[in-house]
*Asks:* 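Mind looking over this structure? Questions follow.
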Amino acid sequence: MEPIEEVGALSVSAPGEPEDELDRELTVDALAARVGMTVRNVRAYAARGLLPPPRLVGRTGYYGRQHVARLVLVREMLAEGYPLTMIERTLAHAPEAASSATLALHRALLAPWLPPEAETTTAEALAARAGMSPDAELVDQLVTMGLVERLDDGALRVLDPSLLTAGLQVVELGVPPAALIAAQTRVVEHVRAIADVYVSMFLESGWRSLLERAGEGTPGQQLAGVRDMVDRLQPAAAQALLASFRTEMATRVQGALTQVLEGLEGLDAS
C-alpha cells in the first residue's frame, strides 16, 4: 500500500448546498473531489476498513453521504494529529450510515478515552523485553484479553503500549508473567465494572443535561459543549479512581503487614 498523504480539515458541503446534491451518489473520483482527497487516499482508507463498502453496479462503486462524512472525519482527525490507528478505533463501532453530526458526536465521546497509538512488535521481541523465552501460550492469553492482536505477517500489535510498559516494570520486580496476566485478568473485570458505573452516571446526569440544552446555541457550540464535558470528566474520573485505589491499597497493605509481622514474631519466639 502506498503512503497515505496527510490532509487538512474540510467541510462536507458548502453552506446552502441543496439536499438532493448531498444525496447524489458519487463515483470514487467524484467522492475524492468532493472531500478534497486523492483517489489513492480514498482507496487506501477503504482498504483499512475506514469506509463501508460502496453500492456496486457492475464493476463501478457508488458512494453516498455516509462515505463523505467518514472521510471528512478522517481528514479532521489527521489534521489534529491523531494517528490512523486511533482513527480506526474511533470509527470501528460507528454506524455505517452515520451522518456527519453523529460521527462528530461519536468521536467527541470516544476519542479522549482511547489509548495511545498501537505498537507493532514480534513474539520474540516481546519475550526479550520480559526477559524470558518466547511463549506462545502467554501470547494467546494476551490476545484473549484484548491486549494484543496477531497480524497477517505473524507480527503482533500491542493495542496499549503504556499498559505493556507498566506490565514489564512489574515483571522486572520478579513477578512471573503468567502470574501478572492472571492478576491483570481479574483487574480488567473490576475496571470494566467501574467503567460501567461512570458511564451510567454520565448517561443519567451529564448526558441528560446536554439533551435538555440541545436547542441552545449552534451545532458547533453544542458539540464543543460535549467535548468540554468529556475532557473534564476524564481526569476527574481517573483522579477519583486513583484516590480510591490508594486508600484501599493502604488498608490492604496494612492488614497484610500485620499478618506478616505477627508471623515473624512467632518465628522469633520459637
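When a residue number appears, it is its place in the shown sequence, counting from 1.
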*Asks:* Looking at Leu151, Val158, Asp153, which hits side chain to side chain contact (heavy atoms under 4.5 Å, CB included) with Thr120?
*Replies:*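 For Thr120, the side chain to side chain contact (heavy atoms under 4.5 Å, CB included) check succeeds only for Leu151.
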*Asks:* Measuring from Arg70:CZ to Ile87:CD1, what's the distance to the nearest 0.5 Å?
*Replies:*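 CD1 of Ile87 is found 12.0 Å from CZ of Arg70.
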*Asks:* Quick one: does any side-chain atom of His67 pair with a main-chain N or O of Leu31 as donor and acceptor, under 3.5 Å?
*Replies:*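 It does not hold such a pair.
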*Asks:* Are Phe245 and Ile194 connected, step by step, through hydrophobic side chains (Ile, Leu, Val, Met, Phe, Trp, Tyr) whose heavy atoms are closer than 4.5 Å?
*Replies:*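 They do not share one cluster, since no chain of ILVMFWY contacts under 4.5 Å joins Phe245 to Ile194.
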*Asks:* May I ask you to check whether over 12 heavy atoms, not counting those of Glu80, lie within 6.0 Å of atom CD?
*Replies:*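 More than 12 within 6.0 Å, yes.
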*Asks:* Is there a path of hydrophobic side-chain contacts, each under 4.5 Å between heavy atoms, that joins Val170 and Leu126?
*Replies:*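 As far as the 4.5 Å side-chain criterion goes, Leu126 and Val170 are not connected within one cluster.
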*Asks:* Measure the shortest side-chain to side-chain distance between Glu96 and Leu51 over non-hydrogen atoms and say whether it is less than 4.5 angstrom.
*Replies:*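 Not in contact.
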*Asks:* Hey, does the side chain of Thr60 reach the backbone of Leu56 with a donor-acceptor pair shorter than 3.5 angstrom?
*Replies:*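 Answer holds: no.
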*Asks:* Measure the spacing between CE of Met77 and CG of Leu103 and express it to the nearest 0.5 Å.
*Replies:*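 The CG atom of Leu103 is 10.5 Å from CE of Met77, to the nearest 0.5 Å.
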*Asks:* Do the non-hydrogen side-chain atoms of Gln184 and Leu163 ever get within less than 4.5 Å of each other?
*Replies:*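 In contact.
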*Asks:* Work out which heavy atom in Leu138 is nearest to a heavy atom in Ala178; give both atom names and the distance.
*Replies:*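 Heavy-atom minimum between the residues: CD2-CA, 4.0 Å.
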*Asks:* How would you list, by chain and number, every residue that makes a side-chain contact (heavy atoms from CB on, under 4.5 Å) with Ala32, sequence neighbours excluded?
*Replies:*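 Val39, Val42.
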*Asks:* Is the closest basic N to carboxylate O distance between Asp140 and Arg150 below 4.0 Å?
*Replies:*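 Salt bridge between Asp140 and Arg150, a charged N being under 4.0 Å from a carboxylate O: yes.
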*Asks:* Can you see which heavy atom on Ala97 is nearest to which on Gln66, and at what distance?
*Replies:*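 Heavy atoms of Ala97 and Gln66 come nearest at CA-CB, 3.9 Å.
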*Asks:* Show me the pairs that pass side chain to side chain donor-acceptor pair (under 3.5 Å) and involve residues 156-180, at least two apart or across chains.
*Replies:*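 Every side chain to side chain donor-acceptor pair (under 3.5 Å) pair that includes a residue of residues 156-180, provided the two are not neighbours, is Glu149-Arg157, Asp160-Ser162.
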*Asks:* With rounding to the nearest 0.5 angstrom, report the OG1 to CZ distance, Thr27 to Arg34.
*Replies:*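 So the gap between those two atoms works out to 11.0 Å.
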*Asks:* To the nearest 0.5 Å, how far apart are CD1 in Ile181 and CE in Met145?
*Replies:*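 Interatomic distance, Ile181 CD1 to Met145 CE, rounded to 0.5 Å: 6.5 Å.
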*Asks:* Side-chain contact test, heavy atoms from C-beta onward, threshold under 4.5 Å: evaluate it for Leu84 versus Leu50 and give yes or no.
*Replies:*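 Leu84 reaches Leu50 side chain to side chain.
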*Asks:* Do Leu168 and Val175 sit in one hydrophobic cluster, given that two such residues count as connected whenever their side-chain heavy atoms are within less than 4.5 Å of each other, even indirectly?
*Replies:*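 No; Val175 is not reachable from Leu168 via cluster members.
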*Asks:* Considering all heavy atoms of both residues, which atom of Ala98 and which atom of Ala69 are nearest to each other, and what is their separation?
*Replies:*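 Distance-wise, the nearest heavy atoms are O-CB, 4.1 Å.
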*Asks:* Quick one: hydrophobic cluster around Val187, which other residues, with the 4.5 Å side-chain cut-off, linked directly or via members?
*Replies:*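 In the cluster with Val187 are Val191.
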*Asks:* Got Leu159 and Arg89 here, is their nearest side-chain heavy-atom distance under 4.5 Å?
*Replies:*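 Side-chain contact under 4.5 Å: yes.
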*Asks:* Counting C-beta onward and ignoring hydrogens, is there a side-chain heavy-atom pair between Val171 and Leu180 closer than 4.5 Å?
*Replies:*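 Yes; the side chains approach each other to less than 4.5 Å.
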*Asks:* As an exercise, state the distance from CG of Leu142 to CD of Glu137, rounded to the nearest 0.5 Å.
*Replies:*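 Rounded to the nearest 0.5 Å, the CG-CD separation comes out at 11.0 Å.
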*Asks:* Please determine whether residues Met86 and Val148 belong to a single hydrophobic cluster, defined as Ile, Leu, Val, Met, Phe, Trp and Tyr linked transitively by side-chain heavy-atom distances below 4.5 Å.
*Replies:*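 Different clusters: Met86 never reaches Val148 through Ile, Leu, Val, Met, Phe, Trp or Tyr contacts under 4.5 Å.
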*Asks:* Over all heavy atoms of both residues, which pair between Ala240 and Tyr198 is shortest? Give the atoms and the distance, please.
*Replies:*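 Minimum heavy-atom separation between Ala240 and Tyr198: CB-OH, 3.5 Å.
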*Asks:* Start with the C-alpha distance between Val68 and Leu26, add both sets of side-chain angles, then the distance that settles side-chain contact (heavy atoms from CB on, under 4.5 Å), and finish with yes or no.
*Replies:* CA-CA 9 Å; Val68 175; Leu26 307 167; 4.1 Å; yes
*Asks:* Measure the shortest side-chain to side-chain distance between Thr122 and Leu156 over non-hydrogen atoms and say whether it is less than 4.5 angstrom.
*Replies:*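 They are not in contact (no side-chain heavy atoms under 4.5 Å apart), so the answer is no.
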*Asks:* Answer whether the closest heavy-atom distance between the side chains of Tyr63 and Val28 falls below 4.5 Å.
*Replies:*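 Side-chain contact under 4.5 Å: yes.
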*Asks:* Less than 4.5 Å apart, side chain to side chain, heavy atoms only: is that true for Tyr82 and Glu76?
*Replies:*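 No, side chains not in contact.
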*Asks:* For Gly36 versus Arg75, what's the shortest heavy-atom pair and its separation?
*Replies:*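 Looking at all heavy atoms of both residues, the shortest contact is O-NH1, 2.7 Å.
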*Asks:* In this structure, would Leu78 and Leu110 fall into the same cluster of hydrophobic residues linked by side-chain contacts under 4.5 Å?
*Replies:*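 Yes, it is one cluster - the side chains of Leu78 and Leu110 are joined through contacts under 4.5 Å.
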*Asks:* Once rounded to the nearest 0.5 Å, what's the spacing between atom CZ of Phe202 and atom CG of Leu233?
*Replies:*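 It comes to 7.0 Å.
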